[in-house]
Amino acid sequence: MRKYLAEMLGTMVLVLMGCGAAVFFGCGAPAEVLAVAFAFGLSVVGMAYAIGGISGCHINPAITLGVWLSKRMSGRDAAMYMLFQVIGALIGSAILYALTSTGAYGASTSTGANAFGEGEMLQAFIAEAVFTFVFVLVVLGATDEKKGAGAFAGLAIGLTLTLVHIVCIPITGTSVNPARSIAPAIFAGGEALSQLWLFVVAPFVGAALSAGVWRMLTCPCEEK
């Protein structure tokens, strides 16, 4: 249970800080994009060193799927991780809702929900799948017991998430994390809910591809 609670806490912090930056700063100007990107990335760095020793600090169902497909955890643990990640994200979004409903905020979003424009569904799907693939591949590599980055894994993962956000925010607001998308969409409602499927399916597709590629790259078969 401590692992699941750690995942809940970590995901709550990620959504509160990352989506909070989008809510109070915006995502329009280059400086705003950088602020939001670093808010997400630094949240991961902080949580990696806070709860990494307890749960591994997935705080993202796509990462959990990649880890499970890489046979590093059981199916039961994977399912419970995802459940508590969504719960944590809902708590983070609830705190943001309380803040925006009791005071002012400067950006065009009150929840940080992901979205794509009319006629941009394919672009959004490709972006979310590809950037999740890159992100989860770095996670799998950095946390590998034999070939990983050791104590620097959290830093490598957080910086990669920052990079992914810098490029992807103008396209979708950047999800690469179904839990991070589910909670804000529930509070936003409307179009955010109707588009939510993409921000669940595409990251899972990217995560599954990264797990397959990582297993291929680390195949123990002898080279001929």
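By convention here, the first residue in the shown sequence is residue 1. Because the structure is a prediction, the values reported are computed rather than measured.
No single ILVMFWY cluster, assembled from side-chain heavy atoms under 4.5 Å apart, contains both Leu159 and Val44. Linking Ile, Leu, Val, Met, Phe, Trp and Tyr residues whenever their side-chain heavy atoms come within less than 4.5 Å leaves Met47 and Ile54 in two separate clusters. Cluster membership check: Phe133 shares its hydrophobic cluster with Phe204, using side-chain heavy-atom separations under 4.5 Å among Ile, Leu, Val, Met, Phe, Trp and Tyr. Linking ILVMFWY residues whenever their side-chain heavy atoms come closer than 4.5 Å, directly or via other members, leaves Leu217 and Val138 in distinct clusters. Using a 4.5 Å cut-off between side-chain heavy atoms of Ile, Leu, Val, Met, Phe, Trp and Tyr, with links allowed through other members, Leu42 and Ile169 fall into different hydrophobic clusters.
Residues Leu5 and Leu9 are not in side-chain contact: their nearest non-hydrogen atoms beyond the backbone lie 4.5 Å or more apart. Two residues are said to be in side-chain contact when any heavy atoms from C-beta on lie closer than 4.5 Å; Cys168 and Thr172 meet this criterion. At least one side-chain heavy atom of Leu161 sits less than 4.5 Å from a side-chain heavy atom of Val176. In this structure the side chain of Ile91 never reaches within 4.5 angstrom of the side chain of Val15, judged on heavy atoms. Counting only heavy atoms from C-beta outward, the side chains of Cys27 and Glu32 never approach each other to under 4.5 Å. Counting heavy atoms from C-beta outward, Leu96 and Thr111 have side chains that stay 4.5 Å or more apart.
Ile166 approaches Ala37 most closely through the heavy-atom pair CG1-CB, 3.6 Å. When every heavy atom of Ala179 is checked against every heavy atom of Ala89, the shortest pair comes out as O-CB, 3.3 Å. Of all heavy-atom pairs spanning Ala207 and Ala62, the tightest one is CB-O, 3.2 Å. Here the closest non-hydrogen pair linking Ala124 and Ile171 is CA-CG2, 4.3 Å. Pro184 and Cys19 get closest at one heavy-atom pair: CG-SG, 4.0 Å. A pairwise comparison of heavy atoms in Leu69 and Ala208 identifies CD1-CA, 3.6 Å as the closest pair.
Atom CD of Glu191 sits in a sparse spot, with 12 or fewer heavy atoms from other residues, nucleotides or ligands closer than 6.0 Å. Atom CH2 of Trp214 has more than 12 heavy atoms from other residues, nucleotides or ligands within 6.0 Å.
Here the CG atom belonging to Leu193 is positioned 10.5 Å from the CD1 atom belonging to Ile182, to the nearest 0.5 angstrom. Summarising the geometry, atom CZ belonging to Arg2 is positioned 13.0 Å from atom CD1 belonging to Ile51; distances are rounded to the nearest 0.5 Å. A distance of 10.5 Å separates OG of Ser74 from CE of Met80, quoted to the nearest 0.5 Å. For the atom pair SG of Cys57 and CG of Leu14, the computed distance is 8.5 Å after rounding to the nearest 0.5 Å.
Residue pairs satisfying the side chain to side chain donor-acceptor pair (under 3.5 Å) criterion with at least one member in residues 43-67, sequence neighbours excluded, are listed as follows: Glu7-Ser55, His58-Thr64, Thr64-Gln85. Residue pairs meeting the ring-ring contact (aromatic ring centres under 6.0 Å, His included) criterion with at least one member in residues 82-117, sequence neighbours excluded: Tyr4-Phe84, Tyr97-Phe187. Within the structure, ring-ring contact (aromatic ring centres under 6.0 Å, His included) contacts touching residues 7-45 (residues at least two apart or in different chains) are Phe40-His165.
Between the Thr11 side chain and the Met8 main chain, no donor and acceptor come within less than 3.5 Å of each other. Arg215 places no side-chain N or O within donor-acceptor distance of the main-chain N or O of Ser210, the cut-off being under 3.5 Å. Formation of a donor-acceptor pair under 3.5 Å by the Thr132 side chain with backbone atoms of Gly206 is not found in this model. Between the side chain of Ser93 and the backbone N or O of Leu90, no donor-acceptor pair lies under 3.5 Å.
Residue Leu122 is found in a hydrophobic cluster whose other members, listed by chain and number, are Ile126, Val130; membership requires side-chain heavy atoms under 4.5 Å apart, directly or through intermediates.
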Validation: residues 148-156 side-chain donor-acceptor distances under 3.5 Å, sequence neighbours left out:
none

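Every residue meeting the side chain to side chain contact (heavy atoms under 4.5 Å, CB included) condition with Val201, not counting sequence neighbours, appears here in chain and number order: Phe125, Trp197, Val205.
Counting only N and O atoms by type, the side chains of Asn114 and Ser181 include a donor and acceptor under 3.5 Å apart.
Salt bridge Arg72/Asp77: absent, no basic N to carboxylate O contact under 4.0 Å.
Between Phe135 and the options Thr174, Asn177, Thr160, Leu163, a side chain to side chain contact (heavy atoms under 4.5 Å, CB included) holds for only Thr160.
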